[in-house]
Each structure stands twice: as C-alpha cells, then as structure tokens.
> 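Sharing a structure below in structure tokens format, with a few things to ask.
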Amino acid sequence: MVNEQRSNKWTFLMYKDSAPENYIDILDDLHVPYILSPWHDKDQDKRTKKLKKSHKHGAFYFDTLKSYRQVSNLISESLNGPEHVEAVISPKGMYDYFVHAENKDKTSYDIKEIETGCGFDLNKFLVEQNTQELINTVVDIIEENDFTEFTEIVEYARKEDSILLNLIFRHTYFFSKFLDSRRYKYGEKHEDA
C-alpha cells in the first residue's frame with residue numbers, strides 16, 4: 001500500500017495561493033535538504049488549454065527513510081500543500097520536470113529560479129545527473145580553445161561556469177590525462193612543422 005512506502009527522497013507540490021509567504025523560512029526550519037522548482041505559472045491544462053494554478057514542485061532529501069504519511073503530514077501542516085507526495089524514483093527525471101528540460105511541448109523554466117536550502121548542493125546534483133553530457137562539454141571547450149594545460153581549463157571554468165568547475169574537480173585525473181595527451185600529440189606535430 002502507498003501509505004506504507006518509505007523513501008529518503010520525496011517530491012511534493014505547493015500552490016502559490018495557499019503557500020505561506022515565508023515558505024523558505026519554514027523549509028529552512030525543518031533542517032532537511034530541499035530543492036524547489038521555479039513557480040510554474042505558465043502551465044496549461046491539456047484538455048481545457050487554461051492556465052493551471054501557479055505551483056512549485058519540491059523535493060526533500062532526508063538522511064533516513066520516511067513514510068508517505070510522515071512526509072504528507074509535513075507538507076500539509078507546514079506548507080498548506082496537498083497531502084499527496086511521491087517517492088523520487090529518478091532524481092534526473094525530477095529535475096528535468098522541474099524546468100521542463102526534456103518536454104518541448106511545455107513552457108521551459110529558468111534553472112536560475114530553482115531554490116535550494118539546508119545543504120542541498122545544486123551544482124553537485126547537476127554534475128551527478130548530467131556527468132556524461134558535461135564531460136563532453138568540457139572536452140569540446142578544451143578542443144575549441146586549444147587548451148593543453150590543466151590550469152587553462154580550471155581558469156576558464158572558474159570564470160564561466162561553476163558547474164563545470166565542480167565536474168573538473170570530480171574528474172581531475174581524466175581531464176589532466178586528456179590534456180597531457182593533447183600536449184604530447186600536438187607538441188610533437190608543432191615540433192615537426
């Protein structure tokens with residue numbers, strides 16, 4: 001039965017017209033890492049084509065397993081949100097839905113409007129969800145800028161994109177070896193010319 005389900009990651013919904021104005025303070029007082037979507041205020045009902053009520057999707061990342069009922073009560077009592085909550089099956093799918101990243105039929109929302117708190121690290125989360133795509137992006141940046149030194153890509157990422165910097169930090173060995181091989185390969189060619 002759904003009420004017996006336990007998970008350490010739960011997603012929930014809250015509506016702008018019923019959420020407390022100080023919802024961030026309330027969430028921070030719970031001391032549970034959380035992530036909130038931007039306000040979804042441009043979503044249309046598929047049948048009626050009317051705008052849906054403005055709402056946010058959110059997720060808690062608990063340290064221990066929590067029951068459906070525990071989280072449901074927390075949302076309804078603290079945030080005046082609907083009692084229905086769901087265990088997060090796919091953090092990447094959840095994130096994509098927060099901003100409608102993979103659904104071109106829906107209005108996309110700005111990642112910069114995502115709210116987090118209580119230690120939820122959005123950069124780390126994004127790196128974990130999009131590692132392969134981000135690795136390809138960094139490789140492209142290295143090749144497009146003809147970088148051969150590790151310091152060049154680190155300086156670039158520090159100035160341009162903290163998410164990429166986080167990825168480079170997590171995959172230092174790969175990127176340093178890739179840059180070493182570029183230096184060797186292209187250094188040899190330059191010497192022969």
Side-chain angles (χ1 to χ4, degrees), residues 2 5 7-28 30 32-62 66 68 71-72 74-76 78-141 144 157 160-168 170-171:
V2 74
Q5 184 176 11
S7 177
N8 67 335
K9 297 176 192 72
W10 288 93
T11 187
F12 60 90
L13 192 66
M14 62 185 208
Y15 292 101
K16 194 170 195 172
D17 63 0
S18 61
E21 285 186 29
N22 64 337
Y23 66 90
I24 292 292
D25 294 333
I26 292 168
L27 288 168
D28 287 344
L30 296 174
V32 176
Y34 65 87
I35 179 172
L36 299 172
S37 75
W39 284 111
H40 284 210
D41 54 5
K42 297 172 188 75
D43 290 359
Q44 287 186 343
D45 184 288
K46 288 181 187 176
R47 288 183 301 109
T48 66
K49 303 296 182 203
K50 290 183 179 179
L51 284 179
K52 292 181 177 180
K53 285 172 50 172
S54 184
H55 60 280
K56 274 187 183 282
H57 299 272
F60 286 125
Y61 280 66
F62 294 98
K66 299 295 179 194
Y68 176 97
V71 180
S72 175
L74 186 66
I75 296 305
S76 63
S78 299
L79 299 172
N80 299 325
E83 290 183 3
H84 179 72
V85 296
E86 294 180 13
V88 174
I89 305 300
S90 167
K92 179 173 177 16
M94 176 203 69
Y95 165 76
D96 287 348
Y97 192 75
F98 276 16
V99 294
H100 294 165
E102 300 296 325
N103 192 336
K104 301 305 174 205
D105 295 335
K106 292 191 172 195
T107 302
S108 61
Y109 294 99
D110 191 345
I111 185 176
K112 293 175 185 158
E113 294 178 15
I114 287 178
E115 297 173 296
T116 62
C118 293
F120 189 97
D121 185 339
L122 184 58
N123 285 345
K124 178 181 173 189
F125 176 81
L126 292 174
V127 167
E128 290 170 354
Q129 304 314 310
N130 301 302
T131 297
Q132 189 56 51
E133 181 181 326
L134 291 171
I135 286 174
N136 288 335
T137 298
V138 174
V139 168
D140 289 345
I141 291 168
E144 289 166 8
E160 302 295 328
D161 193 331
S162 62
I163 293 171
L164 294 183
L165 183 61
N166 194 324
L167 176 86
I168 292 165
R170 292 171 165 273
H171 297 277

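We number each residue from 1, following the sequence as shown.
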> N8: what forms a side-chain hydrogen bond (donor to acceptor under 3.5 Å, both in side chains) with it, not counting sequence neighbours?
none

> Using the six-membered ring wherever Trp is involved, compare the ring planes of Y61 and F125 and label them parallel, tilted or perpendicular (cut-offs 30° and 60°).
perpendicular

> Anything under 30° is parallel, anything over 60° is perpendicular, the rest tilted; go ahead and classify F62 against F60.
tilted

> Going from CD on E113 to CG on L36, what distance comes out if it is rounded to the nearest 0.5 angstrom?
12.5 Å

> Tell me which pairs pass salt bridge (Lys or Arg N to Asp or Glu O under 4.0 Å) where either residue lies in residues 88-100, with sequence neighbours left out.
K92-D96

> Quick check against the 3.5 Å criterion: does H40 have a side-chain atom that pairs as donor or acceptor with the backbone of F98?
yes

> Examine distances only and state if a side-chain atom of S72 and a backbone atom of Y68 form a donor-acceptor pair shorter than 3.5 Å.
no

> Per the side-chain hydrogen bond (donor to acceptor under 3.5 Å, both in side chains) rule, what does the pair list look like for residues 12-27, sequence neighbours excluded?
Y23-E115

> Would you mind listing every salt bridge (Lys or Arg N to Asp or Glu O under 4.0 Å) that reaches into residues 34-52, with sequence neighbours excluded?
none

> Which residues pass the side-chain hydrogen bond (donor to acceptor under 3.5 Å, both in side chains) test with N166, not counting sequence neighbours?
R170

> Return yes if some donor-acceptor pair links the side-chain N/O of H84 with the main-chain N/O of P82 below 3.5 Å, else return no.
no

> With sequence neighbours excluded, tell me which residues meet side-chain hydrogen bond (donor to acceptor under 3.5 Å, both in side chains) with H100.
none

